[in-house]
Amino acid sequence: MKIYNSISRRKEEFIPKEPGKVSLYVCGITAYDYCHIGHARAAVVFDVLVRYLRYAGYQVTFVRNFTDVDDKIINRSREEGIDSQAVAEKYIQAFYEDMDRLNILRPDHEPRATEHILDMQEVIQTLIDKGYAYATPSGDVYFRVRSFPEYGRLSGRNIEELQSGARIEPGQEKEDPLDFALWKKAKPDEPAWASPWGQGRPGWHIECSAMSQRFMDLPLDIHGGGQDLIFPHHENERAQSIAASGHDFVRYWMHNGFVQVKSEKMSKSLGNFVTLRDIYPHFLPEVLRFFLLSHHYRSPLDFSFEGLQEAEKGLKRVYQTKKNLESMTASPAKGKGQNLPADITQEIQEASSQWQNSLEDDLNTAAALGSAFSLVRLANRILEDKQWPKAADAGQAFHNILTTLQNLGQALGLFSQNSSGFLHDLRSFRAARAGVDTSQVEKLIAERQEARKKKDFAQADSIRDHLIQLGVSVQDTPDGPVWDLE
RNA sequence: GGCGGCAUAGCCAAGUGGUAAGGCAGAGGUCUGCAAAACCUCCAUUCUCCGGUUCGAAUCCGGAUGCCGCCUCCA
């Protein structure tokens with residue numbers, strides 16, 4: 001497998017430290033608000049990475065943290081009038097609800113910062129002992145950036161450039177403006193822990209350094225997160241971990257691109273962020289997942305509801321075909337000795353292996369979805385033909401296509417729901433979005449059936465026109481009328 | 001200002017040296033009493049522009065233009 005490594009700025013062959021095993025650490029959320037689509041993208045990208053690595057036979061240890069002590073959480077606790085642990089707990093639970101619906105697998109370990117204060121203090125003490133950090137008289141501890149010669153390598157910056165932008169805030173006792181906090185002395189009414197340097201709380205960067213090495217041996221095979229984390233968070237993590245451990249920290253750095261709205265970054269200050277809870281009432285979570293995976297993970301992704309609607313149509317098509325294939329394989333036709341045309345069989349073969357090549361190439365999920373549609377098209381070509389469904393090897397072809405869709409879907413976390421159930425849910429969502437009253441539709445359809453029984457086609461057609469005006473189309477099938485949104 | 005990324009059909013999007021995947025929309029068709037749905041077929045001689053390297057470039061190099069990100073908390 002090839003992975004784009006942020007630190008070398010190119011695709012590299014992925015070779016884990018230990019054959020067959022992968023250690024993966026991804027920066028999780030700071031639990032102070034509901035998740036937006038950007039969080040969803042990061043979660044989905046690394047979820048697919050884990051799923052695919054496991055599919056490919058690796059034994060993956062996946063750790064993702066929760067930051068549950070932080071300025072933003074403290075501010076939120078004042079706003080909401082509850083203590084900061086309660087704030088964190090509330091948004092961690094919300095995170096689970098939102099991410100479970102997106103079919104995100106739970107990591108193997110999900111440490112919370114407050115559970116590892118002692119681990120952090122241990123790393124900080126080591127850094128002090130080795131001369132990479134210092135405590136100030138008032139009880140802060142800072143990392144001495146200039147003591148770490150490689151500082152800036154991950155983010156492609158040099159110390160002199162950074163120097164020009166850095167400032168010492170009033171009241172800080174840094175030796176150098178570049179130095180960053182490992183431990184912050186307690187302020188009144190803030191959560192605080194006892195430490196060798198007095199009451200205080202950890203800085204943000206140290207928690208990932210402490211928790212990653214608590215659960216996995218250094219160097220980690222893969223460390224992931226959003227692109228904005230490269231500087232300063234990952235740069236600082238790297239400096240801390242290498243300085244403290246004496247080992248390399250991470251072999252492959254992976255960073256996902258941003259979700260944007262109208263080509264601008266989604267952010268609180270621009271007021272253009274969209275939470276998962278804004279989307280879920282209108283679109284099925286799997287539609288969002290499909291939308292996110294239809295773009296390469298490193299590219300910026302422009303979010304729009306129009307884009308979601310397109311994704312919905314594509315996903316519907318896959319499920320529709322899957323459903324048809326399932327009913328076909330449930331009661332297979334007897335083969336009549338004749339085989340499918342060789343080119344069809346060959347195309348199925350090709351598409352069946354192609355998706356894996358795509359994911360092997362730096363997790364190209366968009367290309368993998370292309371393979372899924374190739375299979376869909378092939379399946380439909382056979383299904384719609386007069387003779388082919390009866391071919392001797394048709395059953396085998398259907399089976400191959402379904403199995404591939406299943407495997408590909410397993411790696412992407414898609415297409416795994418019951419087809420009929422999905423299509424039914426989808427129709428309900430689309431009806432709600434169009435403001436269509438489902439019970440009224442059912443009633444009109446019943447009336448129309450009544451009219452048709454009486455051969456009153458004029459009346460039946462008039463009801464159908466009415467339904468069309470509501471945005472509903474009716475199909476008359478051998479099993480009775482079936483409706484859907486226009 | 002410093003560093004980095006991106007520019008592919010009406011829209012979305014893959015493609016890192018060998019002659020443009022896929023999706024949506026659109027057009028034709030199959031099916032159908034008529035419809036609808038579903039399905040099939042078609043749909044970029046060309047990849048922002050200008051140079052260069054090469055037998056060959058969307059892909060590599062140089063330049064221009066435009067958009068975006070990071071440099072402060074951020075997935």
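Below, chains carry the letters A, B, ... as their sequence lines are ordered, and counting in each starts from 1.
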Inset, instruction - Classify the side chain of A/Glu310 versus the base of B/G23 as yes if they form a donor-acceptor pair under 3.5 Å and no if they do not. - result: yes
Inset, instruction - Measure the distance from CD on A/Gln469 to C1' on B/A35 and round it to the nearest whole Å. - result: 15 Å
Inset, instruction - Check whether any side-chain N or O of A/Arg64 sits under 3.5 Å from a backbone N or O of A/Gly28 as a donor-acceptor pair, and report yes or no. - result: no
Inset, instruction - Using Watson-Crick or G-U wobble geometry with both distances below 3.5 Å, tell me the partner of B/U59, or none. - result: none
Inset, instruction - Provide, to the nearest angstrom, the distance between the OH atom belonging to A/Tyr34 and the C1' atom belonging to B/A75. - result: 19 Å
Inset, instruction - Check every atom of B/C39, B/C71, B/C34 against the side chain of A/Leu162 and return the nucleotide holding the closest atom. - result: B/C71
Inset, instruction - Give the rounded distance in Å between these two atoms: NZ of A/Lys11 and C1' of B/G5. - result: 15 Å
Legend entry - Exam field: side chain A/Tyr252 to backbone A/Glu13, donor-acceptor pair closer than 3.5 Å: yes
Legend entry - Polar side-chain contact A/Arg317-B/C24 base: donor and acceptor under 3.5 Å: no
Legend entry - N/O (side chain, A/Lys262) to phosphate O (OP1/OP2, B/C68) under 4.0 Å: no
Inset, instruction - Would you indicate what A/Val482 reaches in the nucleic acid, counting non-hydrogen atoms under 4.0 angstrom: base, sugar-phosphate, or nothing? - result: nothing
Inset, instruction - Name the closest nucleotide to the A/Ala366 side chain, picking from B/A13, B/A75, B/C34. - result: B/A13
Legend entry - Salt bridge present between A/Glu160 and A/Arg146 (N-O < 4.0 angstrom): yes
Inset, instruction - Report the base-pairing partner of B/C31 (Watson-Crick or G-U wobble, both distances below 3.5 angstrom), or none. - result: none
Legend entry - A/Glu79 and A/Arg76 ion-paired at < 4.0 Å: yes
Inset, instruction - With RNA chain B as reference, determine whether A/Ser374 or A/Leu485 sits nearer its 5' end, using the nearest nucleotide of each. - result: A/Ser374
Inset, instruction - Provide the distance between the two C1' atoms, one in B/U41 and one in B/C50, to the nearest whole Å. - result: 40 Å
Inset, instruction - Select from A/Lys316 and A/His296 the residue whose nearest nucleotide in RNA chain B is closer to the 5' end of that strand. - result: A/His296
Legend entry - Base-pairing assignment for B/U53 (Watson-Crick or G-U wobble, both under 3.5 Å): none
Inset, instruction - Give one of base, sugar-phosphate or nothing for A/Asn380, where a contact means two heavy atoms less than 4.0 Å apart. - result: sugar-phosphate
Inset, instruction - Decide yes or no, distance alone: a donor-acceptor N/O pair under 3.5 angstrom between the base of B/C74 and the side-chain of A/Lys72. - result: no
Inset, instruction - For the pair A/Glu80 and A/Lys90, find out whether any cationic side-chain nitrogen is under 4.0 Å from an anionic carboxylate oxygen. - result: yes
Inset, instruction - Examine the side chains of A/Tyr319 and A/Glu286 and answer whether a donor and an acceptor come within less than 3.5 Å of each other. - result: yes
Legend entry - Length of the CG-P vector between A/Asp476 and B/A38, whole Å: 15 Å
Inset, instruction - Looking only at side-chain atoms of A/Pro232, point me to the closest of B/A75, B/C73, B/U16. - result: B/C73
Inset, instruction - Give a yes/no answer on whether the side chain of A/Thr67 brings an N or O atom under 4.0 Å of OP1 or OP2 in B/C73. - result: no
Legend entry - Strand partner of B/U65, provided both Watson-Crick or wobble distances fall under 3.5 Å: B/A7
Inset, instruction - Can you tell me the distance, in whole Å, between the CD1 atom of A/Ile230 and the P atom of B/C74? - result: 13 Å
Inset, instruction - For A/Gly307, report the nucleic acid contact type (base, sugar-phosphate, nothing); a contact means any heavy atom under 4.0 Å. - result: nothing
Inset, instruction - Say whether A/Ser352 and A/Thr404, considering side chains only, have a donor N or O and an acceptor N or O under 3.5 Å apart. - result: yes
Inset, instruction - Using a heavy-atom cut-off of under 4.0 Å over every strand shown, decide if A/Glu384 touches base, sugar-phosphate, or nothing. - result: sugar-phosphate
Legend entry - Nucleotide nearest A/Arg464 when distance is taken to its side chain, options B/A35, B/C73, B/A38: B/A35
Inset, instruction - Return the nearest nucleotide to the side chain of A/Lys313; candidates are B/A25, B/C12, B/A35. - result: B/A25
Legend entry - Any N/O donor-acceptor pair, A/His36 side-chain to B/A75 base, under 3.5 Å: yes
Inset, instruction - Would you tell me if any nitrogen or oxygen in the side chain of A/Asn364 comes within less than 4.0 Å of OP1 or OP2 on B/G15? - result: yes
Inset, instruction - Could you check which nucleotide pairs with B/U45 in any of the strands shown, counting Watson-Crick or G-U wobble with both distances under 3.5 Å? - result: none
Legend entry - Any strand: nucleotide that pairs with B/C70 via Watson-Crick or wobble, under 3.5 Å: B/G2
Legend entry - Interatomic distance where CZ belongs to A/Phe95 and P belongs to B/A75 [whole Å]: 11 Å
Inset, instruction - Report which part of the nucleic acid A/Ser304 touches: base, sugar-phosphate, or nothing (heavy-atom distance under 4.0 Å, all strands). - result: nothing
Inset, instruction - Would you tell me if any nitrogen or oxygen in the side chain of A/Lys265 comes within less than 4.0 Å of OP1 or OP2 on B/C70? - result: yes
